Structures are given as structure tokens and as C-alpha cells.
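Beneath this line is the structure, given in C-alpha cells, with notes to follow.
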Amino acid sequence: MSIEQTKDMAVVGFSSGRRDSYDIVIGADGLHSGVRSLVFGPEQQYVRDLGYLTGLFTVPNRLKLDSWMLGYVEPNYSAGVHSIRNNSEAMAALSMPGDRSDYDHRDIRSQKALLRKHMSHMAWEVPWLLDQMDEAEDFYFASCSQVHMPTWSAGRIALLGDAAFCPSPTSGQGTTLAIVGAYVLAGELAEAGSYATAFAQYETKMRKYVTATQKMGADNAKHFIAQSRFQVWMQQQILRALPHLPGKALMMRKTMQIINGIDLPVYPKMVLNLGT
């Protein structure tokens, strides 16, 4: 695959051998973005690992969870299950220490083997979850990482979502950032007189929101998995005490300020286009 820019267009060469030209190209292809690598350089320049690997996959809701999440923690490892699809199924999450150097992001078989190797000693529902993992059709495995870039565009090319500003799973806001970013980018393209102006405004309006969300994700990662039995015990005590702490309202308010930390612009031209 290749991307070449001229004065009038971006020419994209696909792996099939086909070549097409476009006015602009938007890279929304995830943490390991191929568009980012082609245009901005190797991902090592931009991706920062936070020290954990996580596997996600759908399982039967055999615990009969009703809009709940259950978790189990041992030093350095955690497992969680929460109900999805109106409680008809559940989503499992298995997490362990590691970074991108520990696995091939294209090799699902080796990713499952890595989780089984390091987590088969765990109790609770973990053995059953590991058995279910082999049958899961939606298995997803990734490092807990962030993407930090000085700019999200170069000429006619712009990045969006995890490709541009992945906040890591510990932020809980990856999908939100991607959707909000897509809205702002689409709106600026609809309103602006040029793609260059649109890209610049998109970054101006999103940057502060992204920075705050990434900081929250990095801070959460420091306490993501307890590293000793004492830390496991401490986490349990804090969770029990949390509803009774006098500062819980302030903590929640600060979190919500980050999550809602952008005033979405109204784009008349985009609204008009959607209505036709």
C-alpha cells in the first residue's frame, strides 16, 4: 500500500494493485494505523505502552448478570465479565502485564496462547473463560497504549480516532473520542472553504479534550491491576469505602468534566445535508 500527494490529489495504491486518487484521505484504522505509518512514520514514534495487555471476547451470560460487571483480581492479573445485548450475552476481559513487543497483533492464535500461558493458574471463572475464548468469533487483543502526535494531519491526509489519539482502554473513552472526532471533522469539512482549514480547526477544537482524556487514561493505568496481595486487599477496601467517602461527589464531578469536556459545535451546512 502507498499514499502519494500531489498539488491536486492524494493517490492511494492498494495491496490489490489498484490505484485511485482522492481529494483527501482520512486514516481511521486504529492503534496500528497503516495510514499513519505511510504518511507520518513508524508507530514507535507515536505509540506509548502503559504496561498491560487485554483480551476481549463474547461469552454466554452464564452468571446471569443483569446490567452488572463482576471482576476477579490476583497480583498482576485481572478478569472481568459484564452483560451486553440486553443481558443475553456477556463480554469477558482478561488482562495481564505486557506491551506491544510481547505479541504479534496479526496473530490471533498466539495471542490466545499468551493469555492461556499466563492466566491458566487463576481461580474463579477464569478457566471457563479461557475455554470459551477458543470459540469466540469476536476475539480482540491489544496492548494498553496511547497515541501521542504533534499533529493529526499532513497535506491532504488526516487521522481520526485511535489512529490519531488513542486514549487507551483504561480511559474508557476510546469510542467516545472517535465519534466526537468524526463529528467535528465532518462538520469542519462541511463548513470550511478548504480541507487545510478544516483539518486545522478539527485539531484546535479537539486537542484539549483529547489531552485531558489521555491523562485520565494514563492515571487510571497506574492503578489498573494490583501488583501484590496487599494492593489487592487495599483496592477492595477502597471500593467498599468509596460510596461513603465525603469527596466522592467531587471525584465524580472531575471525571464527568473530562468526559464532557468539549462543547460540540453546531454545523448548519452538515445539518442541512443530513436533512436532504
Side-chain angles (χ1 to χ4, degrees), residues 1-49 100 105-106 140 142-143 145-168 171 173-215 217 261-276:
M1 185 173 175
S2 64
I3 300 177
E4 302 169 6
Q5 297 193 65
T6 70
K7 178 182 177 182
D8 300 315
M9 66 188 71
V11 181
V12 179
F14 295 90
S15 56
S16 64
R18 194 183 90 223
R19 289 173 65 85
D20 285 318
S21 60
Y22 303 90
D23 292 327
I24 60 172
V25 173
I26 307 300
D29 48 344
L31 179 66
H32 303 288
S33 171
V35 174
R36 186 183 63 227
S37 294
L38 287 171
V39 177
F40 297 88
E43 72 174 44
Q44 287 80 0
Q45 297 181 34
Y46 310 110
V47 180
R48 302 179 189 176
D49 295 325
R100 285 170 298 128
H105 72 271
R106 300 178 184 86
Y140 175 78
S143 59
S145 304
Q146 295 186 332
V147 174
H148 293 265
M149 301 186 70
T151 181
W152 304 326
S153 65
R156 295 175 176 271
I157 318 300
L159 299 177
L160 174 65
D162 282 357
F165 40 70
C166 178
S168 83
S171 73
Q173 295 298 303
T175 300
T176 299
L177 278 189
I179 292 174
V180 172
Y183 170 80
V184 173
L185 178 55
E188 295 299 331
L189 286 168
E191 298 289 330
S194 70
Y195 67 84
T197 300
F199 290 168
Q201 287 299 309
Y202 154 66
E203 184 161 340
T204 297
K205 292 176 180 177
M206 286 291 297
R207 180 66 72 171
K208 183 178 179 181
Y209 182 44
V210 166
T211 299
T213 304
Q214 289 185 321
K215 183 180 185 305
I262 185 171
D263 293 325
L264 291 179
V266 175
Y267 297 106
K269 290 183 180 179
M270 186 166 69
V271 173
L272 179 63
N273 290 336
L274 289 173
T276 57

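Heavy atoms only: backbone and side chains are in, while hydrogens, waters and symmetry mates are out. This one's a predicted model, so the numbers in the text were calculated from it and none came from an experiment.
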- Message: Keeping R156 on the side-chain end and D23 on the backbone end, is there a donor-acceptor pair under 3.5 Å?
- Response: yes

- Mind checking whether R100 and H32 have side chains closer than 4.5 Å, heavy atoms only? yes

- Do F199 and L189 have side chains that get closer than 4.5 Å, going by heavy atoms? yes

- Task: Give a yes or no answer on whether the side chain of T197 reaches the backbone of G193 with a donor-acceptor pair at less than 3.5 Å.
- Result: no

- Message: Side chains of S37 and Y46, heavy atoms from C-beta outward: is any pair under 4.5 Å?
- Response: no

- Tell me, do V12 and V25 make a side-chain contact under 4.5 Å, heavy atoms counted? yes

- Item | Taking every non-hydrogen atom, the tightest pair across V184 and K205 | CG1-CB, 4.3 Å

- Query: What's the verdict on side-chain contact (heavy atoms from CB on, under 4.5 Å) for I26 and L185, showing C-alpha distance, side-chain angles and the deciding distance?
  - Reply: CA-CA 10 Å; I26 307 300; L185 178 55; 3.9 Å; yes

- Please determine, by modelled atom types, if S168 and S171 share a side-chain donor-acceptor pair under 3.5 angstrom. no

- Which heavy-atom pair separates E188 from Q201 by the least distance, and what is that distance? OE1-CB, 3.2 Å

- Message: Donor-acceptor check, side chain of Q214 to backbone of H148, threshold 3.5 angstrom: yes or no?
- Response: no

- Kindly indicate, with the supporting measurements, whether the criterion side-chain contact (heavy atoms from CB on, under 4.5 Å) is fulfilled by Q146 and V47. CA-CA 6 Å; Q146 295 186 332; V47 180; over 6 Å; no

- Item | CD1 on I179 to CD on Q173, rounded to 0.5 Å | 10.5 Å

- Taking the side chain as every heavy atom from C-beta outward, state whether T176 and Y209 have any atom pair closer than 4.5 Å. yes

- Measure the spacing between CE of M9 and CD1 of I24 and express it to the nearest 0.5 Å. 14.5 Å

- Over all atoms of both residues, closest heavy-atom pair of P167 and L177: CG-CD1, 3.8 Å

- Query: Is any side-chain heavy atom of F165 closer than 4.5 Å to a side-chain heavy atom of T211?
  - Reply: no

- P150 to R207 - nearest heavy-atom pair and separation: O-NH2, 3.2 Å

- What's the shortest heavy-atom distance between L159 and M149, and which atoms? CD1-SD, 3.5 Å

- Task: Using the ring of F40 (Phe, Tyr or Trp, six-membered ring only), decide whether R36 places NZ or CZ under 6.0 Å from its centre and within 45 degrees of its axis.
- Result: no

- Under 6.0 Å from the CG atom of D20, do we count more than 12 heavy atoms belonging to anything else shown? yes

- Taking the side chain from Q5 and the backbone from A154, do they hold a donor-acceptor pair closer than 3.5 Å? yes

- Query: So do D162 and S33 actually touch side chain to side chain, heavy atoms under 4.5 Å?
  - Reply: no

- Spacing of L31 atom CG and S143 atom OG [to the nearest 0.5 Å]: 5.0 Å

- Specify the closest pair of heavy atoms between C166 and S145, including all atoms of both residues, with the distance to one decimal. SG-O, 3.3 Å

- Item | Y183 side chain to A178 backbone, donor-acceptor under 3.5 Å | no

- Task: Would you mind reporting whether W152 and V147 have side-chain heavy atoms less than 4.5 Å apart?
- Result: no

- Does the distance from a Lys or Arg side-chain N to an Asp or Glu carboxylate O, for E4 and R19, drop under 4.0 Å? yes

